[in-house]
Amino acid sequence: MRLKRTVTCGQLTGENVNQEVILNGWIAKNRDHGGVIFLDLRDRYGKTQVTFNPDIDADMAARAKRLGMEDVIAIKGTVQARPEGNVNSNMPTGGIEVIVSDLEVLNEAQPLPFLVSDRESGSEDLRLEYRYLELRTEELQRFMALRSKTYQSARSRLNEEGFMEFETPVLMKSTPEGARDYLVPSRIHKGRFYALPQSPQTYKQLLMISGYDKYFQIVKCFRDEDLRADRQPEFTQIDIEMSFVDQDDVLSLATRLTRGMFKDILDYDLPETFPTMEYKDAMETYGSDKPDIRFEMPLVEFAQYAEKTDFGVFKDNLAAGGRVKALVLKNAADKYSRKIVDGLTEWLRTYYGLKGLAFVKLDQSAFSAGISKFFSPELQSEIIGDLKLEHNDMLFFVSDNEAKTLQALGALRLELAKRENLIQPGVVKPLFVLDFPLLDWDEDSKRYIAMHHPFTSPNPEDAALMDTDPGNVRARAYDLVINGYEVAGGSIRIHTREMQSRMFELIGMDEEEAQARFGFLLKAFKFGAPPHGGIAFGFDRLIMILAGTENIRDVIAFPKTTSASSLMDEAPSNVDEQQLRELHIKLVE
RNA sequence: GGGAUCGUAGUUCAGCUUGGUUAGAACGCCGGCCUGUCAAGCCGGAGGUCGCCGGUUCGAUCCCGGUCGGUCCCGCCA
């Protein structure tokens, strides 16, 4: 190219008047007045107005007339202050313009599928097909820059803390515990497969055994499970592991790292220590293991009142071992007409399989509407007193088995908060959820499975329960939750051969199977494994929160759709018969 | 695996409820006019397999069934 930029499109101001500059960039907008022509030239640093005036250079103006949106050009010109009354105070460069004396058209663009100036001008599938164009939009450029800054922040903080950065294999052994693996067939070993890591879990534990007591890695992980707004099949973790530590050491490191990133990126001050909550309390009070504590509205135990009502549904469910819990919506009963409550009920029925949603409204000092007739006046007074209810409050009741009751009411809590705007924008509320159960009963296979993963250490206080009541053993596992998102999770690991065997036994894995799957790790434990533990941050989710978006695709340069395909390059795709032959693979059907 | 929802010019949408002549608007695109705009303006033009397949009907963008694709959720995600 003939004209190489001397400045970017975001940096010229009144200070640069009379300087001769060269700008390179894309045409964001052209405004052709017949005579004078204005182009907004854009690069990732900003936009600058460049002006062609036929009185000054008729030939140049004639050439500019033919230019269109998103053409790539280079211009040489002189910076000038804009005439009085023509300053655009909305742009950092709005006080100046560049009067063009030379133009080089680097590449023309054909008509666009959507406007780069307006991300909403195309549907999401169209934008994903032309992701490279969407990445030119102001919003995505901002998100990608924020992501880049966050990598740097994490790296420098962890470096300051004395952590070593590693890379671990992407082609690894399949360990079919947990998520479904993405498999990679081996050409050399007929019928065998590598797996892409769900996380580098075993490698980082091996590195602890090797003596690298502070490890980190910013690493892609792969899980072949269904997607969500905050879940992609390949995603990035800040993976951390430390030796000679207990839970508090890991939590305080995670706190320092998180605080550092929010400070570096948003200049936002998180508290020096994050609040903690037991898993059990999170479930009971928020109906979720990742509670959003940006607003109150706790789930209230209601069984003791339900017993005293004449409402059959509550009594039947309690008798069957189920639950009754309630939610108090303050001073909004007048906004919840029959129709709106029916809508909420339908929504809970559809998404959470709930049979019904009961409610009462507070009219002065008595229940009205809904199921109020099932409450005696005495019971009403008792409840109003206990729950400090006031006129125009509303009580929602959910009753079902325990899991459904908590989940559905937790979801309703979030939905009501959204409708009532209870969440202040810009607020960030982190907390650690602790004391997760070690094991989870799996109905399908009629056995316990590891809730976190099978290397998670039980809480030593519950050691005795491992024989008598394994379902109630707590793990030394923890999650960092921010604004209702699980942002990080980890645990103190088992580091002795004996405890690891005991764990495998509890999840119904016999010695032979354990050897086949994790023999290499069990062997390593015999050679001096230090006590260790760690945590892994869901990097993409962290960026979502920093960026203030609710869609993980917004913070990944080339994301996949809900069906795990890439609309731009059309992956996954068919492959040649020859490729399959080399891999010893035959397609069925 | 299941549920909900969307699919109409290049694009974003309206029209469909109650089937019927020529499927509209805006932005973009093309042409013309226009010398200070920054959502530039004015005039004109081109542009449609109403996602696809089937059914009902004299007749389907519209009703029904299926299918494909997007999104959201449940299950799943150690």
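Lettering of chains follows the sequences in order, A, B, ..., and the numbering in each one begins at 1.
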Which nucleotide in [options] has an atom nearest any side-chain atom of [X]:
{"X": "R231(A)", "options": "rC76(B), rU71(B), rG36(B)", "value": "rC76(B)"}
{"X": "L115(A)", "options": "rC77(B), rG28(B), rC38(B)", "value": "rG28(B)"}
{"X": "R553(A)", "options": "rC76(B), rU37(B), rC72(B)", "value": "rC72(B)"}
{"X": "K29(A)", "options": "rC38(B), rA39(B), rC72(B)", "value": "rA39(B)"}
{"X": "R223(A)", "options": "rC77(B), rG36(B), rC76(B)", "value": "rC77(B)"}

Do N551(A) and D554(A) have a side chain donor and acceptor closer than 3.5 Å?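 There is no such pair between these side chains.
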Whether the D181(A) and S174(A) side chains hold a donor-acceptor pair (N or O, under 3.5 Å, no angle test) is what I'd like checked.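 Side chains of D181(A) and S174(A): pair found under 3.5 Å.
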So if I apply the side chain to side chain contact (heavy atoms under 4.5 Å, CB included) rule between V98(A) and each of V21(A), N16(A), L41(A), which one comes out positive?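 Looking at V21(A), N16(A), L41(A), the match for V98(A) under the side chain to side chain contact (heavy atoms under 4.5 Å, CB included) is V21(A).
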Under 4.0 Å, heavy atoms only, any strand: does [X] hit a base, just the sugar-phosphate, or nothing?
{"X": "S565(A)", "answer": "sugar-phosphate"}
{"X": "T175(A)", "answer": "nothing"}
{"X": "N53(A)", "answer": "base"}
{"X": "Q407(A)", "answer": "sugar-phosphate"}
{"X": "R180(A)", "answer": "nothing"}
{"X": "K290(A)", "answer": "nothing"}
{"X": "N90(A)", "answer": "nothing"}

Report the residue (E97(A) or D230(A)) whose heavy-atom-nearest nucleotide on RNA chain B is the more 5′ of the two.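 Here E97(A) is the residue nearer the 5' end.
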Give the rounded distance in Å between these two atoms: NZ of K560(A) and C1' of rG70(B).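 Interatomic distance, NZ of K560(A) to C1' of rG70(B): 16 Å.
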Does [N] have OP1 or OP2 sitting under 4.0 Å from an N or O in the side chain of [X]?
{"X": "T51(A)", "N": "rU37(B)", "value": "no"}
{"X": "R82(A)", "N": "rC38(B)", "value": "no"}
{"X": "R31(A)", "N": "rU37(B)", "value": "no"}
{"X": "T561(A)", "N": "rG70(B)", "value": "yes"}

Indicate yes or no: does [X] engage [Y] in a salt bridge with an N to O separation below 4.0 Å.
{"X": "R323(A)", "Y": "E402(A)", "result": "yes"}
{"X": "R66(A)", "Y": "E108(A)", "result": "no"}
{"X": "D239(A)", "Y": "K204(A)", "result": "yes"}
{"X": "R497(A)", "Y": "E511(A)", "result": "yes"}

Answer yes or no for this row: H33(A) ring on rA40(B) base, centroids under 5.5 Å, planes under 30°.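 Yes.
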Across all strands shown, which nucleotide pairs with [N] by Watson-Crick or G-U wobble geometry, both distances under 3.5 Å?
{"N": "rU5(B)", "value": "rG70(B)"}
{"N": "rC58(B)", "value": "rG20(B)"}
{"N": "rC27(B)", "value": "rG10(B)"}

Below 6.0 angstrom between ring centroids: does that apply to F436(A) and Y279(A)?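 Yes, they do, as the ring centres are separated by less than 6.0 Å.
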Spell out protein contact along nucleotides 3-15 of chain B as letters: B when the base is contacted, S when just the sugar-phosphate is, - when no protein heavy atom is under 4.0 Å; keep the 5' to 3' order. B------SSS---
